[in-house]
Number of protein chains: 4
Amino acid sequence: MVPSDTVTRILDAAEVLFAEHGFSETSLRRITSRAEVNLAAVNYHFGSKQALIQAVFFRYLDPFSTDLHRRLNDLEAGEADAPGLETLLDTLFASVLEMPSENHDLRTFMKLLGLAYSQTQGHLRDELRSRYGDIFSRFLELLRRATPELPDDERFWRLHFMLGSVIFTLSGLNALRDIAAHDYHQRVTIRELAQRLKPVALHALRAPVADIGAAAMVDYPSRGQVTSHARTGTHS
Amino acid sequence: MVPSDTVTRILDAAEVLFAEHGFSETSLRRITSRAEVNLAAVNYHFGSKQALIQAVFFRYLDPFSTDLHRRLNDLEAGEADAPGLETLLDTLFASVLEMPSENHDLRTFMKLLGLAYSQTQGHLRDELRSRYGDIFSRFLELLRRATPELPDDERFWRLHFMLGSVIFTLSGLNALRDIAAHDYHQRVTIRELAQRLKPVALHALRAPVADIGAAAMVDYPSRGQVTSHARTGTHS
Amino acid sequence: MVPSDTVTRILDAAEVLFAEHGFSETSLRRITSRAEVNLAAVNYHFGSKQALIQAVFFRYLDPFSTDLHRRLNDLEAGEADAPGLETLLDTLFASVLEMPSENHDLRTFMKLLGLAYSQTQGHLRDELRSRYGDIFSRFLELLRRATPELPDDERFWRLHFMLGSVIFTLSGLNALRDIAAHDYHQRVTIRELAQRLKPVALHALRAPVADIGAAAMVDYPSRGQVTSHARTGTHS
Amino acid sequence: MVPSDTVTRILDAAEVLFAEHGFSETSLRRITSRAEVNLAAVNYHFGSKQALIQAVFFRYLDPFSTDLHRRLNDLEAGEADAPGLETLLDTLFASVLEMPSENHDLRTFMKLLGLAYSQTQGHLRDELRSRYGDIFSRFLELLRRATPELPDDERFWRLHFMLGSVIFTLSGLNALRDIAAHDYHQRVTIRELAQRLKPVALHALRAPVADIGAAAMVDYPSRGQVTSHARTGTHS
DNA sequence: AATGAATGAGGCTTCATTCAT
DNA sequence: CATGAATGAAGCCTCATTCAT
């Protein structure tokens, strides 16, 4: 069951090139050329380009999913109460940060994840949902217990706000890092970014809930009325 | 200077198709076919596919940029002090939400923005930066005055966290909305989402700053140590 | 509405190569190379290889169908009674033999027709049926009146026996002609073959009808019983 | 000398798939997949795809050839005179109809035979001619004695007319049978078809011989002269 | 100002075959 | 005896672009 050398090399090459140029923009020729492998090998081992794309994700996410499950098991076994929000986030961050450190690049994968969401790869989205829906649901349920004050729908959206922060930032990390390095003379690591993100995420999840019903009534002010518009009072 | 009917129809078609399928995945044939226009018209009027992509963005962002400039003018003219954080966000949201209401779809554009960031369209990123760098810098400066407690680099990253929330959520809105509608029996509008996002963004920007130097020392716990790991204490 | 030079050259090349090597065995590369035309021209002008195959047939059969209709019109206008069997066959033969003599090769087309039947080109068969069903039905109806003594089903099968004779013989004509030339020192033309075929077809159609019901009972003799088997008596 | 199970399964699968889709259109992958056999097995056991095609035919035709030889032996041993035309045809039909009844499908083979003639499988035609030329010649000689009134060349062509009827009809039997079933509410068996074919073949072979020399002079009438054209008088 | 025709490049996939094991 | 892996060639098709009209 050990993946052959050829398979691994194709996956390695595909991973990097997809992350760098996108799926459609990366031809099989380029992948196999970089992997120093016959062009037909992709179709032989994976069946199609789409299947290769999925395989790249599976190789990353399968161990991650397993690891996170195990960590959540530990978490639930160790404490009487449901884990708190901070503990939960720490666990998630730890799983994400540690997992691929072995031989893969986290940034690469985050870019892939960003691509997966933005490029319309319907097949991918479906496959990911069906394959990793369980771990996602499990985490969401723990998050629910850790934030009982949030209505379900509000929690759903905030989770995706957070997800967007992570994926967007990390997937565009190269460009952003260049800017940051230029403007603030610093080089950030992913670990540092995680440190920065944590308090933001915590506060974001604990922010008071806006009264949507009322808010939906409030028309945003047009130009020229800006200074006198009614405050919605979500933040005292 | 009035764009010919052909030009407008191409832009309209391109906008929708790009948002729906991505840039590379949308052929000029499909665009011109949908626009009921000759295949050569794109190259005739725009010069190349890349130029068309840029034109789609300019048509959206030019009025937005102008509008936001005007609102910020009003803001600065009306008050003695620098505008507060909430006012600033309200102004931004108002500009975003109002702008395309004339004849375009905000969601469509947000998907395009998401694509622009994830798909490696180097030319686009450069073009956007040089064309809209001014308004971005202006807003960032106002944000700086509204959040004097934040170090510059921290503010930079948090702004991108927020940006990620917005773009990610809105660009994947269709899919997410379906899930939300199914699980929580509600249909969200973009305006509602903005209402949900505002308090989150406010609190995220105002979250205490983690001590990165120290945090970088802290190794994330491995599996099995989860329950006893040292809390980082970012949130009391 | 005049087909461009490119279109004509593609059709000419395809016609010959298809007849010579079959559909699947003839690549578009070979066709366009012979036609001295760009490889992409086939897809530009016809859309696909299948469409090209159909177009080759249409170019032949459309004029033939029109011509035969006109001849049958003349036939029905000129005589009070329904035309006799021999007249009918003469008309068909004349239409077939005269039609493509202008600039095409009848033998080539007959080979194509043979291919169309034997190679499993489902799409072609359907297309031909729907496009030329009318003229076929019209001819069949006239044949019905010319052979009132035949049951409908018998006529149907005999017509296909005849069709098989024509198509099979003409489609394999090259090979057969070589043999005939070698064994009988003669070179046959298609016109001569038509002369040979006519009396055969006439007598075949007028052969007495076997009693199928009874015949079906009769078991064909096994080996060793040959000399004493019961004659079916269809021909005295 | 017993063919291994693998060989048999490959032949069985190939036979059906070739008949159904043609030679070029049937890939070795499909054959081996249907036979549940390793992809390389074909090349291992047969050497090449062409050799497989030939093997499929040999498996059918070798027993048939043997059987027909034996029947002709019986025929010549049993009667003083040369066998009559009808007896000869009966013998041929009996051999054809009985042979494959063991475990193969006659219709399948007839489709193969049709393909062999129309698809340009040069190698096949040569191979069949050299392998079964003897039995063909023997039958032709008996036919010569049974139809002494026919010139040799005329007999040659009429035999091929007949052959065309058989192969064309049987190779397209599925489609034709559907039509017949729909139009005439009957389901035909191959045996019935043979019953129908016999009188037709008999009369066809016995039809008077056209005067080719003269006929070749006769120009087929053009359109508009149809009703008044000179009859060629082949059938009084 | 606009277009129909044409093209070179390159896309993914499938093929029959080979070879080391 | 049999097979999984691999490969070079070739398949059809689509692409963005150009150009004469």
Side-chain angles (χ1 to χ4, degrees), chain A residues 3-7 9-10 23-33 35-53, chain B residues 4-7 10 23-33 36-53, chain C residues 3-7 9-10 23-32 35-53, chain D residues 4-7 10 23-32 36-53:
Chain A
S4 84
D5 185 49
T6 300
V7 167
R9 295 170 58 162
I10 291 175
F23 302 121
S24 305
E25 294 81 0
T26 305
S27 69
L28 292 187
R29 227 178 283 272
R30 226 160 127 184
I31 293 173
T32 52
S33 160
E36 291 182 305
V37 147
N38 186 277
L39 170 61
V42 169
N43 274 74
Y44 176 73
H45 286 286
F46 298 92
S48 71
K49 188 181 182 180
Q50 281 206 354
L52 170 61
I53 294 177
Chain B
S4 83
D5 184 48
T6 299
V7 167
I10 291 176
F23 301 121
S24 305
E25 295 82 358
T26 304
S27 69
L28 293 187
R29 236 182 203 69
R30 224 160 129 185
I31 293 172
T32 52
S33 160
E36 293 181 306
V37 147
N38 185 274
L39 169 61
V42 168
N43 281 290
Y44 178 74
H45 286 287
F46 296 91
S48 71
K49 188 182 181 179
Q50 282 205 353
L52 169 62
I53 295 178
Chain C
S4 84
D5 184 49
T6 299
V7 167
R9 295 170 59 162
I10 291 175
F23 302 121
S24 305
E25 294 81 0
T26 304
S27 69
L28 293 187
R29 226 179 285 272
R30 226 161 128 185
I31 293 172
T32 52
E36 292 180 304
V37 148
N38 185 276
L39 171 60
V42 169
N43 275 75
Y44 176 75
H45 286 287
F46 298 93
S48 71
K49 188 180 181 180
Q50 280 206 356
L52 170 61
I53 294 178
Chain D
S4 84
D5 184 50
T6 299
V7 167
I10 290 175
F23 301 121
S24 305
E25 294 81 359
T26 304
S27 69
L28 293 188
R29 235 180 205 70
R30 224 160 130 185
I31 292 172
T32 53
E36 293 180 308
V37 147
N38 185 274
L39 169 60
V42 168
N43 281 292
Y44 178 73
H45 287 287
F46 297 91
S48 72
K49 187 181 182 180
Q50 284 204 353
L52 170 60
I53 294 177

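Residue numbering restarts at 1 for every chain, and letters A, B, ... go by the order of the sequence lines. These values consider heavy atoms only, across backbone and side chains, with no hydrogens, waters or symmetry-generated copies.
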What is the distance from CZ of C/Arg30 to C1' of F/dC12, rounded to the nearest Å?
16 Å
Of the listed nucleotides (E/dT18, F/dA2, F/dG8), which one gets closest to any side-chain atom of D/Ala40?
E/dT18
Heavy-atom closest pair (C/Thr26 atom, C/Lys49 atom, distance to 0.1 Å) is O-NZ, 2.8 Å
When the distance from CG of C/Asn38 to C1' of F/dC13 is rounded to whole Å, what number comes out?
13 Å
Can you tell me how far C1' of F/dA10 sits from NZ of C/Lys49, to the nearest Å?
12 Å
Students often get this wrong, so: under 4.0 angstrom with heavy atoms, is B/Ala41 touching a base, only sugar-phosphate, or nothing?
nothing
Looking at C/Ser27, does any N or O in its side chain come under 4.0 Å of the phosphate oxygens OP1/OP2 on F/dG11?
yes
On DNA chain F, compare the nucleotides closest to A/His45 and B/Val42; which residue's is nearer the 5' end?
A/His45
Rounded distance (Å) that lies between atom C1' of F/dG11 and atom CD of C/Glu25:
13 Å
Under a 3.5 Å cut-off for both distances, is F/dT21 Watson-Crick or wobble paired, and to whom?
E/dA2
F/dT14 -> Watson-Crick or G-U wobble partner, both distances under 3.5 Å, gives E/dA9
What is the minimum heavy-atom distance between B/Leu28 and B/Asn43, and which atoms define it?
CD1-ND2, 3.9 Å
Can you tell me how far OG of D/Ser27 sits from CG of D/Leu39, rounded to the nearest 0.5 angstrom?
8.5 Å
Closest approach of D/Glu25 and D/Arg30, non-hydrogen atoms and distance?
O-NH1, 4.1 Å
Between F/dC12 atom P and C/Leu39 atom CG, what is the distance in whole Å?
8 Å
Can you tell me the distance, in whole Å, between the CG atom of D/Leu52 and the C1' atom of E/dC15?
15 Å
Atom CG of A/Leu28 to atom C1' of E/dG11: distance rounded to whole Å?
9 Å
Please figure out whether C/Glu36 or D/Gly47 has its closest DNA chain E nucleotide nearer the 5' end.
C/Glu36
Counting only side-chain N and O atoms of A/Arg29, is one of them less than 4.0 Å from OP1 or OP2 of E/dG10?
no
Using a heavy-atom cut-off of under 4.0 Å over every strand shown, decide if B/Thr26 touches base, sugar-phosphate, or nothing.
sugar-phosphate
Look at the side-chain N and O atoms of A/Tyr44 and state whether any lies under 4.0 Å from the OP1 or OP2 oxygen of F/dA5.
yes
What's the closest nucleotide to the D/Ser48 side chain, out of F/dC13, E/dT17, E/dA2?
E/dT17
Could you pull out the closest heavy-atom pair between D/Ala41 and D/Thr6, with the gap in Å?
CB-CG2, 4.3 Å
In whole Å, what is the span from the CG atom of C/Asn43 to the C1' atom of F/dA16?
16 Å
